[in-house]
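Just so you know, these numbers come straight off a predicted model, no measurement behind them. Whatever order the structure lists ligands and atoms in, that order sets their numbers, starting from 1. Excluded from the calculations below are hydrogen atoms, water molecules and symmetry mates; all remaining heavy atoms, backbone and side chain alike, are included. By convention here, the first residue in the shown sequence is residue 1.
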Amino acid sequence: EDPKLLEAFEARVAADEFIEPKDWMPEAYRRTLTRQISQHAHSEIVGMLPEGNWITRAPSLRRKAILLAKVQDEAGHGLYLYCAAETLGTSRDQMIEALHSGKAKYSTIFNYPTLTWADIGAIGWLVDGAAIMNQVPLQRTSYGPYARAMVRVCKEESFHQRQGYEIMIAMANGTAEQKRMAQDALNRWWWPSLMMFGPPDADSPNTAQSMRWRIKRETNDELRQKFVDITVPQADFLGLTVPDADLKWNEEKGGYDFGEVDWEEFYSVVRGEGPVAKERMEARRKAWEDGAWVRDAAAAHEAKRRERKAA
Ligand code: ACO
């Protein structure tokens, strides 16, 4: 690679300029961005499944309408992100093939089952809450199409977080059984939510370079700490207990100390051994196959339209 081009690129990044699709960029920058954006897109798409599981069983028409809208938003985020990744030169078909063949990663969080309605509250509150914490800084990521995608995505995620927290408020202030369900959902989703931020900085192979290229603007541990600091008082407000015996306010650092995430569990879920990983991939592949006729029909329609135009 031409050292002059590299120098100019790094100067632009250092000046907080956006890099755009047709600009020169180091191959490693293109590769790591394609990796991160495509994993992000896959996460949005696979992320529809745990909640989709409850659309037909939402407890009221109002809840159903909200959940339906939220799950549709996630589909939109996924498609938007695939478009952003495509501008780096990998086709959507290649990315989807990588997901369906099990080669591509997606967020560990979506490999856990949604057992009760309270899980839908906990996902909005914790999972979307963690997603926002991670995505707000990405609005200033150095790659223009990714940064712009994040602006819209974050607006919608913040609605998702609020709808989840509102479900938690209703459950936590409901009957004793509802409150028990809310606590149980918090117990099961807390640690997997902390895992969403990725491995500790010391064990994160990509963080240092991604921080230098301003792809990432904050590290995994920084974001995890911020998430804990914001979320613990929200749990207190609900009258629920965060399932961590080591959780303690640390006056000196102005944040919470918290227990060690089970990193063995994290790595096993990353390897595809999550509790419902197999079901998730089967559901995605089935949706893809079931939708083949729609793609074929759209392509045939487009071909006919072009023919008519040419005639
Ligand atoms: N689930 C699955 N894989 C993960 C997770 C996770 N929670 N955390 C880290 N990994 C993977 C990384 O993708 C990386 O794999 P790879 O090198 O084979 O591609 C490996 O573990 C090592 O991690 P890091 O070096 O820390 O990787 P990175 O710098 O990419 O940081 C992070 C990971 C924080 C997830 C980053 O990619 C990111 O910010 N992505 C955008 C946000 C996103 O994808 N959110 C998805 C969930 S939110 C939602 O969809 C609603």
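We find that E7 and R12 are not joined by a salt bridge, their nearest charged nitrogen and carboxylate oxygen being 4.0 Å or further apart. In this structure, R31 does not pair ionically with E27, as no charged nitrogen and carboxylate oxygen lie closer than 4.0 Å.
Where the criterion is an N or O separation shorter than 3.5 Å, residue side chain and backbone included, N134 meets it with respect to ligand 1. At a 3.5 angstrom cut-off on N or O pairs, D128 does not count as close to ligand 1. For ligand 1, the polar-atom distance check finds an N/O of M195 within less than 3.5 Å of one of the ligand's N/O atoms. Between R35 and ligand 1, an N or O atom pair is found at a separation short of 3.5 Å.
Neither the backbone nor the side chain of Y267 comes within contact range of ligand 1; no heavy atom lies under 4.0 Å. Contacts of V269 with ligand 1, taken as heavy-atom pairs under 4.0 Å, are absent altogether. If you look at S107 next to ligand 1, the close heavy atoms, those under 4.0 Å, come from the backbone and the side chain alike.
At the shortest separation from atom 17 (O) of ligand 1 among protein heavy atoms lies N206 ND2, 3.0 Å. Counting only heavy atoms of the protein, atom 28 (P) of ligand 1 lies nearest to K216 NZ, 3.4 Å. If you check which protein heavy atom lies closest to atom 18 (O) of ligand 1, you get K105 NZ, 2.4 Å. Among protein heavy atoms, the minimum distance from atom 50 (O) of ligand 1 is reached at S43 CB, 3.5 Å. For atom 45 (N) of ligand 1, the closest non-hydrogen atom of the protein is H40 CD2, 3.8 Å. In terms of protein heavy-atom proximity, atom 8 (N) of ligand 1 is closest to G198 CA, 3.2 Å.
In this structure, atom 32 (C) of ligand 1 is not in close contact with the protein, since no protein heavy atom lies within 4.0 Å of it.
Side-chain atoms of T207 and D201 include no donor-acceptor pair closer than 3.5 Å. The closest side-chain donor-acceptor pair between Y106 and N111 falls under 3.5 angstrom. A donor-acceptor contact closer than 3.5 angstrom links the side chains of Q225 and D229.
Nearest-heavy-atom check against atom 2 (C) of ligand 1 across F266, Y106, F110, F197 picks out Y106.
In this structure E157 satisfies the salt bridge (Lys or Arg N to Asp or Glu O under 4.0 Å) test with no other residue, sequence neighbours excluded.
Screening residues 172-184 for salt bridge (Lys or Arg N to Asp or Glu O under 4.0 Å), with sequence neighbours left out, gives E177-R180, D184-R188.
Seen from the ring of Y80, R152 counts as a face-on cation partner, given the 6.0 Å and 45° thresholds.
Other residues, nucleotides and ligands contribute over 12 non-hydrogen atoms within 6.0 Å of the CZ atom of R57.
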